[in-house]
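Take a look at the structure set out below.
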Amino acid sequence: MRPWISSLLLCLGLGACSGGSGAPKEIVVGQYGSLTGSQATFGLSTRNGITIATDEQNAAGGIAGVPIAMVVEDDQGKAEEAATAVNKIISRDRPVAVLGEVASTNSLAAAPLLQAAGIPMISPSSTNPEVTRKGDYIFRVCFIDPFQGTAAAKFAYNTKGLRNVAILKDVKSDYSMGLGKYFSETFTALGGTIAGEEAYAQQDIDFKAQLTSLIAKNPDGLFIPGYYTDVGLIARQARESGFTGPLIGGDGWDSEELVKIGDKAIIGGFFTNHYSVDDPNPIVQDFISKYVAKFNTKPDGLAALGYDAAKILYRAMEDVAKDPKILAGLADRSSVPATEASRKAARAALRDRIAATRDYPGVTGIITIDAERNAQKPAVVVEVSAEGTRFVESIAP
Amino acid sequence: MTLLLQQLLNGLSLGAIYALIALGYTMVYGTLQLINFAHGEVYMMGAFVALYLARALGVDEAPTIPGVIAVALGAMAACAILGMTIERVAYRPLRRASRLNLLITAIGVSLLLQNVALIAFGALQSFPSLLPEAQWEILPGVALRSNDVLTLSVTLVLMVILTFIVERTQMGRAMRAVSHSRDTAALMGIPVNRVVSFTFAIGSTLAGAAAFLIAVDKHLIRPDMGMTGGLKAFVAAVLGGIGSIPGAVAGGLLLGISETLVSGYIASTYRDAIAFLLLIVILLYRPAGLFGRSTVEKV
């Protein structure tokens with residue numbers, strides 16, 4: 001699509017500008033996520049978190065006076081749609097950076113495309129280690145599964161005193177399989193045993209067969225590293241099958257839908273997460289109050305990570321935009337579009353600046369981007385209650 | 001041993017749902033030689049109708065026996081109407097067209113319904129508890145759940161009623177005649193359109209029953225449930241011999257049990273792979289399915 005058509009379309013969408021030729025400059029940032037589908041709350045929360053950061057930035061004058069235009073594409077929570085959505089954003093909107101996804105499988109599908117195009121991508125919350133190995137333009141602001149699995153195993157062994165845990169993981173999800181593996185490694189290294197491991201496939205509704213054979217092995221805890229929809233159903237069926245021990249999981253549980261689906265069965269379950277709404281830290285409370293004011297609900301961990309990812313990106317942009325040549329490369333959709341070479345140089349500078357993020361005080365903890373482009377930060381363990389989640393403990397890396 | 005019995009019970013209740021949906025595929029195929037890919041979506045719509053009906057009647061807050069029965073019958077009736085409408089609007093105009101056109105239309109209707117549901121109902125909704133849930137220990141270590149009893153008995157009763165309709169009633173005889181030769185049946189004065197409509201209505205009613213049963217048991221419904229449920233049921237129908245009523249039930253139960261046993265004893269990671277491999281092997285030895293009659297295609 002020709003640039004003037006896309007800027008015209010954007011004008012229609014935003015209703016903020018008067019005509020084609022006099023269109024103001026904008027810095028285009030892309031975003032893809034699961035706005036519909038079975039992981040819809042992931043994408044919606046992330047989008048809301050990013051929206052708060054973008055509004056804040058634009059209210060403060062954008063990037064060196066140039067406003068940020070956010071382009072959002074829905075991938076329905078499917079890997080093939082994620083690739084399509086990102087291709088669409090790359091070719092139609094020519095963004096300087098892209099934010100997304102939550103589910104690792106979807107990030108893995110889109111990351112190679114962005115790497116090839118030389119566009120920095122920050123995943124707010126994909127925890128599978130493979131994601132950032134796709135190339136030097138791919139970053140994340142969350143911890144990775146080896147650490148999350150370790151934290152969950154330490155919590156199960158040390159805090160809950162469990163010694164014989166069964167695992168039920170999602171064979172269709174890179175995230176779930178990875179988390180299950182790292183949990184099992186740490187748990188056995190600590191001295192515990194894995195009673196049994198079974199798998200299901202996302203979208204299953206019947207887990208009785210797996211649960212029956214796991215429960216027959218008398219585990220004292222059940223680790224379910226899945227996503228909230230499946231976890232809610234598994235919790236119900238585990239309790240129906242007579243299992244009474246604690247249920248433990250990862251950040252895939254983090255959705256208000258979890259309690260609606262799992263009802264009484266999931267209450268009292270524990271999961272590792274990126275932040276806790278009970279945290280008294282003023283940065284956290286400030287974010288929560290802004291979020292509640294705009295969206296009328298408390299932000300989950302994914303919203304907080306979306307916010308942090310966007311903030312880190314905008315901070316890096318502000319820094320590199322001090323050089324007017326780079327600012328010209330970042331800003332597009334003006335009457336004289338930037339040349340491809342200057343755009344490329346601007347994106348490379350942006351990449352280097354994101355990679356150099358050190359000790360950024362985010363909502364989800366102090367974030368340092370390491371040499372593998374992952375974030376080093378602690379995990380929290382929260383307990384599921386009828387009203388939301390309750391902070392239990394923090395586990396340092 | 002108790003573990004095996006428990007797994008068999010798990011498999012039976014899962015298979016009963018596949019069987020109910022498979023009956024719809026088999027009936028339509030039996031009369032029209034059409035694989036109605038939209039059937040899974042009729043089943044999905046049934047679940048959402050049940051949800052909204054339960055809310056409208058206030059049954060979700062305070063379940064009463066007549067209220068719950070009304071929800072179940074309402075979902076079945078809505079499915080019947082939807083099934084007949086799809087046939088009237090999408091399939092009937094193409095009845096004389098090639099079978100491939102019909103098949104593609106069926107896939108189109110399926111995608112249309114699924115996406116309309118996604119927009120109208122959202123990605124997923126939890127379904128209220130309408131029935132008391134009890135379980136009894138029939139043997140030490142083997143629990144029988146009230147929902148399983150309900151699912152199995154409803155499936156068996158509906159299968160008996162269906163067999164009675166097809167074998168013993170005037171309409172059933174007409175259905176068999178249309179199945180045998182549509183043109184000859186029309187020449188004999190059989191109202192083919194009405195018979196086909198009736199077939200769709202019956203098949204869709206069963207899908208509505210399956211939807212109600214799954215919704216009250218699993219408490220979660222979503223617009224893509226027809227895709228996975230429909231696919232498994234379609235396989236069950238083929239396995240039992242598509243066009244055969246006892247075949248659909250046997251195929252559904254067999255698929256449910258084989259999935260459960262593979263999950264429970266071999267490797268849940270490879271559940272679908274192994275369960276489907278088993279089906280391929282069965283079809284290699286009995287290409288027409290367990291209860292199907294192999295026919296020679298007239299050229």
Side-chain angles (χ1 to χ4, degrees), chain A residues 34-44 74 76-78 167-172 177 180 196-217 227-237 239-242 255 257-265, chain B residues 2-11 13-15 17-18 115 118-119 122-129 133-135 137 141-143 145-148 214-215 217-225 227-229 232 256-273:
Chain A
S34 50
L35 305 181
T36 57
S38 63
Q39 299 153 13
T41 71
F42 288 173
L44 294 170
D74 178 21
Q76 301 167 28
K78 296 174 187 161
I167 301 177
L168 182 54
K169 57 195 178 183
D170 176 357
V171 68
K172 274 197 184 170
M177 294 298 276
E197 274 189 62
E198 295 289 346
Y200 62 94
Q202 237 167 69
Q203 317 259 316
D204 277 2
I205 43 172
D206 194 280
F207 308 89
K208 285 281 165 50
Q210 295 95 317
L211 287 167
T212 303
S213 64
L214 285 178
I215 293 167
K217 293 169 183 155
Y227 294 125
Y228 61 90
T229 320
D230 303 317
V231 171
L233 287 178
I234 291 172
R236 270 179 184 268
Q237 294 179 23
R239 296 303 185 213
E240 276 175 14
S241 307
S255 165
E257 292 286 327
L258 179 71
V259 177
K260 287 189 199 151
I261 300 163
D263 203 18
K264 287 191 287 284
Chain B
T2 56
L3 192 59
L4 178 66
L5 277 175
Q6 182 69 63
Q7 294 288 29
L8 282 174
L9 265 180
N10 294 342
S13 75
L14 180 64
I17 296 290
Y18 292 157
N115 286 294
L118 189 61
I119 296 164
L124 68 151
Q125 297 216 17
S126 46
F127 197 86
S129 295
E133 283 166 38
Q135 54 182 352
E137 193 146 340
V142 183
R145 296 163 57 246
S146 52
N147 277 332
D148 293 348
I214 205 96
D217 186 22
K218 307 298 182 198
H219 304 284
L220 180 78
I221 56 178
R222 48 188 173 205
D224 53 5
M225 66 192 277
M227 204 75 169
T228 27
K232 294 276 172 72
I257 290 172
S258 69
E259 273 189 6
T260 312
L261 293 186
V262 169
S263 282
Y265 289 96
I266 306 174
S268 44
T269 322
Y270 302 108
R271 181 196 59 199
D272 286 355

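Chain letters run A, B, ... following the sequence lines, proteins first and then strands; every chain starts at 1. Keep in mind that what you see is a predicted model, and the values were worked out from it rather than measured.
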Exercise for the section: Count the heavy atoms belonging to other residues, nucleotides or ligands that lie under 6.0 Å from CE of A/M177, then report whether that count exceeds 12. Expected result: yes
Exercise for the section: Using a cut-off of 6.0 Å, state whether more than 12 heavy atoms not belonging to B/Y270 lie near its atom OH. Expected result: no
Measuring from atom [atom1] of [X] to atom [atom2] of [Y], what distance do you get when rounded to the nearest 0.5 angstrom?
X      : Y      : atom1 : atom2 : result
A/T36  : B/L124 : OG1   : CG    : 11.5 Å
A/D204 : B/D272 : CG    : CG    : 7.0 Å
B/T228 : A/I205 : OG1   : CD1   : 7.0 Å

Fill in the blank from the handout: Residues at least two apart in sequence or cross-chain that pass side chain to side chain donor-acceptor pair (under 3.5 Å) with A/E240, listed by chain then number, are A/K208, B/R145
Practice task
Select all residues of residues 257-265 of chain A having any heavy atom within less than 4.5 Å of some heavy atom of chain B, and report them by number, or 'none'.
Solution key: A/K260, A/I261
I want to check something: taking the side chain as every heavy atom from C-beta on, are [X] and [Y] in contact at a cut-off of under 4.5 Å?
X      : Y      : answer
B/L220 : A/R236 : no
B/E259 : A/D206 : no
B/K218 : A/Q237 : yes
A/Q203 : B/D224 : yes

Problem - B/E133, part contacting chain A, at a heavy-atom distance under 4.5 Å - result: side chain
Exercise for the section: Below 4.5 Å from any heavy atom of chain A, which atoms of B/L9 appear? Answer side chain, backbone, both or neither. Expected result: neither
Quick check: closest heavy atoms across [X] and [Y], and the distance to 0.1 Å?
X      : Y      : answer
B/L3   : A/S213 : CD1-CA, 4.5 Å
B/S263 : A/E198 : O-OE1, 3.3 Å
A/Q210 : B/S268 : CG-CB, 3.8 Å

Problem - Residue list, salt bridge (Lys or Arg N to Asp or Glu O under 4.0 Å) with A/R239, at least two apart or on another chain - result: none
Practice task
Applying side chain to side chain contact (heavy atoms under 4.5 Å, CB included), run through A/V171 and B/R271 and close with a yes or a no.
Solution key: CA-CA 10 Å; A/V171 68; B/R271 181 196 59 199; over 6 Å; no
Practice task
For A/Y227, enumerate each residue passing the ring-ring contact (aromatic ring centres under 6.0 Å, His included) test, keeping only those at least two apart in sequence or located in another chain.
Solution key: A/F42, A/Y175
